[in-house]
Amino acid sequence: KALETTNKAIDLNKNSENPKPIPQAYWVRGEIFKIKEEYDKALIDLEKSIIQVEDYIEEFSMERCIAPCDGELMFDEVTLNKKRAYQILANQTIGEILSYHEPSSIIKSSLNISDTQKESEIRLSRARELANKFTMNNLLKTK
């Protein structure tokens, strides 16, 4: 049922007049595929979640920046942390999957993975680094 609902959300977004990045939907679907042991599908959706967060941050920086800071644009901390959470969770799950699953050559190629164990370590490290950029209190704040 969760997979069906998530697929509907993704399809509705894709078919909307103005689709928006929905990294949470791809993260959820990736986790569902992980539970179902459909690891290659999980890896693709989790990577989509990460890419959508990066796209959102790039779009956000162009449209809603608060102020330039040392040549970089600053974001509303609450919004950034909420989006970054999916990036952290997706990297963590990818790292976990790669620690015990060898993806097909097509998936490895599309995700630019040459050494599965090394990539697992990189993803888990990236998740920890990103997690250190915010605290739970900041994540839970609302405007």
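For this chain, numbers begin at 1 and follow the sequence in order. Because the structure is predicted, anything quoted here is derived from the model rather than measured.
- Residues Asn13 and Pro19 come closest through the heavy atom pair O-CB, 3.2 Å.
- Closest approach of Gln117 and Ser99 over heavy atoms only: NE2-O, 3.3 Å.
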Could you give me the CA-CA distance, side-chain angles and deciding distance for Leu124 and Leu98, then say whether side-chain contact (heavy atoms from CB on, under 4.5 Å) is met? CA-CA 10 Å; Leu124 292 170; Leu98 293 176; over 6 Å; no
- May I have the step-by-step check of side-chain contact (heavy atoms from CB on, under 4.5 Å) for His101 and Thr116, ending in yes or no? CA-CA 8 Å; His101 172 72; Thr116 305; over 6 Å; no
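- The pair Lys108-Glu102 meets the salt-bridge criterion, with a side-chain N (NZ, NE, NH1 or NH2) lying under 4.0 Å from an Asp/Glu carboxylate O.
- Here the shortest heavy-atom pairing between Ile22 and Ile10 reads CD1-CA, 4.0 Å.
- Taking the six-membered ring where tryptophan is involved, the planes of Tyr100 and Tyr39 are perpendicular, since the angle between them exceeds 60° and thus also 30°.
- For Lys83 and Tyr56, the positive end sits near the middle of the six-membered ring, less than 6.0 Å away and at most 45° from its axis.
- In the hydrophobic clustering of this structure, Tyr86 groups with Ile50; members are Ile, Leu, Val, Met, Phe, Trp, Tyr whose side-chain heavy atoms approach within less than 4.5 Å, directly or through other members.
- The two atoms that bring Leu89 and Glu31 nearest to each other are O-OE2, 4.4 Å, heavy atoms only.
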Please lay out, stage by stage, how Glu96 and Gln92 fare under the test side-chain hydrogen bond (donor to acceptor under 3.5 Å, both in side chains). CA-CA 6 Å; Glu96 290 170 2; Gln92 181 177 349; 3.3 Å; yes
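- Side-chain heavy atoms closer than 4.5 Å link hydrophobic residues (I, L, V, M, F, W, Y) into clusters, and following such links, possibly through other members, connects Ile44 to Leu3.
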